[in-house]
Amino acid sequence: MYGELIALSWDCIDFEKGEITVYRQLLRIKEPGKAVHYEFGPTKNSKKRIVAASPFVLSVLEKQMQKLEQMAIKAGSAWHKTDNLIFTDATGSHKTQPALYKQFKKAAAEIGQPGLHFHSLRHSFATASIFAGDDIKSVSSNLGHSSISITMNTYGHYTDEARRKSAMLMQSYIESSLKSGVEEDELCDAP
């Protein structure tokens with residue numbers, strides 16, 4: 001998850017369509033006797049995926065673009081723009097996984113959740129998507145799962161809760177219909 005995030009470049013964002021394309025990750029390579037280095041590689045399952053982004057996410061990305069423009073001005077000729085990355089250090093180079101982890105832990109502590117793990121964001125996204133009424137195929141696709149069964153095995157208990165919520169929504173609809181004068185027989189006979 002870290003690797004896909006720090007590998008995102010501006011060519012991955014389609015503001016008009018409201019889509020983010022995830023097609024690679026930045027891999028941290030540690031070979032014995034050599035310094036750690038990073039290189040781009042395919043996603044974990046080697047498949048490209050397109051994630052529909054909410055207007056809120058797109059507005060955050062627009063602000064990030066403005067922030068990077070200011071950082072580039074400040075860095076001047078030291079700015080590294082070859083990879084055109086979205087999340088960079090002060091010179092435009094990629095963030096490292098340890099640096100991203102450190103930033104995340106600091107933010108988690110600031111909101112009173114020091115024990116929060118980065119991967120928890122993925123679970124929170126999936127759970128929120130299901131509770132918001134997103135279909136399981138879309139959730140699976142957004143997570144990059146190779147099959148719906150993986151998503152169902154991981155988040156199936158949340159879909160049970162969502163079904164109960166759906167039943168209660170239907171109950172509210174029926175009650176409001178009955179209060180507005182619709183007879184029970186009419187509800188049963190509706191096409």
Side-chain angles (χ1 to χ4, degrees), residues 1-28 38-114 116-146 151 154-155 158:
M1 195 166 149
Y2 286 111
E4 289 180 355
L5 186 62
I6 60 178
L8 282 176
S9 51
W10 290 108
D11 65 307
C12 297
I13 312 301
D14 188 326
F15 286 101
E16 287 183 26
K17 289 183 179 179
E19 295 176 343
I20 301 171
T21 301
V22 180
Y23 66 92
R24 65 183 180 178
Q25 62 179 320
L26 195 59
L27 302 168
R28 185 174 190 261
Y38 287 82
E39 56 187 55
F40 291 107
T43 60
K44 189 170 143 184
N45 64 6
S46 298
K47 292 183 180 177
K48 173 177 87 169
R49 70 182 181 280
I50 298 174
V51 179
S54 69
F56 175 80
V57 169
L58 294 173
S59 72
V60 168
L61 287 169
E62 286 174 347
K63 288 177 186 167
Q64 178 65 10
M65 185 181 285
Q66 293 167 1
K67 180 182 171 186
L68 287 178
E69 288 169 0
Q70 294 302 311
M71 288 169 60
I73 291 168
K74 188 174 180 180
S77 62
W79 186 255
H80 177 80
K81 63 179 181 176
T82 307
D83 296 318
N84 204 21
L85 297 172
I86 295 173
F87 304 106
T88 72
D89 66 10
T91 63
S93 294
H94 67 81
K95 289 258 188 202
T96 64
Q97 291 176 9
L100 184 61
Y101 175 80
K102 185 177 177 181
Q103 280 184 296
F104 173 77
K105 292 308 276 184
K106 180 182 176 199
E110 287 173 0
I111 63 167
Q113 298 292 324
L116 194 65
H117 298 282
F118 196 80
H119 202 74
S120 300
L121 299 175
R122 182 177 173 85
H123 294 299
S124 296
F125 168 78
T127 305
S129 294
I130 291 166
F131 278 120
D134 206 353
D135 66 277
I136 201 70
K137 173 73 174 154
S138 295
V139 174
S140 183
S141 176
N142 285 337
L143 293 172
H145 288 165
S146 58
T151 311
T154 308
Y155 301 103
Y158 293 113

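Quick caveat, the model's predicted, so the values are computed rather than measured.
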Worksheet entry | Side-chain donor/acceptor of Glu19 to backbone N/O of Ile50, under 3.5 Å | no
Worksheet item: Considering only heavy atoms from C-beta outward, does the side chain of Tyr101 approach that of Thr96 to under 4.5 Å?
Response: no
Practice prompt. Please report the C-alpha distance between Leu85 and Trp10 in whole Å, then the side-chain angles of each, then the deciding distance to 0.1 Å, and finally whether the side chain to side chain contact (heavy atoms under 4.5 Å, CB included) criterion is met.
Written response: CA-CA 6 Å; Leu85 297 172; Trp10 290 108; over 6 Å; no
Worksheet item: Is it true that a side-chain atom of Asp14 and a backbone atom of Gly18 form a donor plus acceptor pair closer than 3.5 Å?
Response: no
Practice prompt. Please report the shortest heavy-atom distance between Tyr23 and Cys12, naming the atom on each side.
Written response: CE2-SG, 3.4 Å
Worksheet item: In Å, rounded to the nearest 0.5 Å, how long is the span from CD1 of Ile136 to OG of Ser141?
Response: 11.5 Å
Response to the item:
side-chain hydrogen bond (donor to acceptor under 3.5 Å, both in side chains) with His145: of Thr154, Thr151, Asn45, only one passes, and it is Thr151
Discussion item. Nearest 0.5 angstrom please: Leu58 CG to Glu16 CD, how far?
Written reply: 11.5 Å
Discussion item. Could you work out, with side-chain contact (heavy atoms from CB on, under 4.5 Å) as the rule, every residue matching Ser129, not counting sequence neighbours?
Written reply: Phe125, Asp134, Val139
Item to complete: Start with the C-alpha gap between Glu39 and Leu26, add the side-chain angles, then the distance that decides, and say whether side chain to side chain contact (heavy atoms under 4.5 Å, CB included) holds.
Response: CA-CA 6 Å; Glu39 56 187 55; Leu26 195 59; 5.6 Å; no
Discussion item. Could you go through Phe87 and Leu100, starting from their C-alpha distance and side-chain angles, then the distance that decides it, and tell me whether this counts as side chain to side chain contact (heavy atoms under 4.5 Å, CB included)?
Written reply: CA-CA 9 Å; Phe87 304 106; Leu100 184 61; over 6 Å; no
Worksheet item: Quick one: are Phe15 and Met65 in side-chain contact, heavy atoms under 4.5 Å?
Response: yes
Worksheet entry | Distance in Å, Gln25 CD paired with Tyr38 OH, rounded so as to fall on 0.5 Å steps | 12.0 Å
Item to complete: Kindly indicate whether the side chain of Leu116, heavy atoms from C-beta on, has any atom under 4.5 Å from the side chain of Phe104.
Response: yes
Item to complete: Taking all non-hydrogen atoms of both residues into account, name the closest pair between Ala53 and Val57 and its distance.
Response: CB-CG1, 4.1 Å
Worksheet item: Between Ser120 and His117, is there a donor-acceptor pair closer than 3.5 Å when you use the side chain of the first and the backbone of the second?
Response: yes
Fill in: Sequence neighbours excluded - side-chain hydrogen bond (donor to acceptor under 3.5 Å, both in side chains) pairs with any residue from residues 46-64
Glu4-Arg49
Worksheet item: Looking only at atom types and distance, does a side-chain atom of Arg122 sit under 3.5 Å from a main-chain N or O of Leu143, one as donor and one as acceptor?
Response: yes
Worksheet item: If you measure from NE2 on His94 to CG on Asp83, what distance do you get to the nearest 0.5 Å?
Response: 8.0 Å
Response to the item:
Separation between CG (Leu61) and CG (Leu8), nearest 0.5 Å, reads 8.0 Å
Discussion item. Could you measure the distance from the NZ atom of Lys95 to the NZ atom of Lys102? Nearest 0.5 Å is fine.
Written reply: 10.5 Å
Worksheet item: What are the two closest non-hydrogen atoms of Ala90 and Met71, and how far apart are they?
Response: CA-CE, 3.8 Å
Worksheet item: Going through the checks in order, is the side chain to side chain contact (heavy atoms under 4.5 Å, CB included) test met by Asp11 and Asn84?
Response: CA-CA 8 Å; Asp11 65 307; Asn84 204 21; 5.8 Å; no
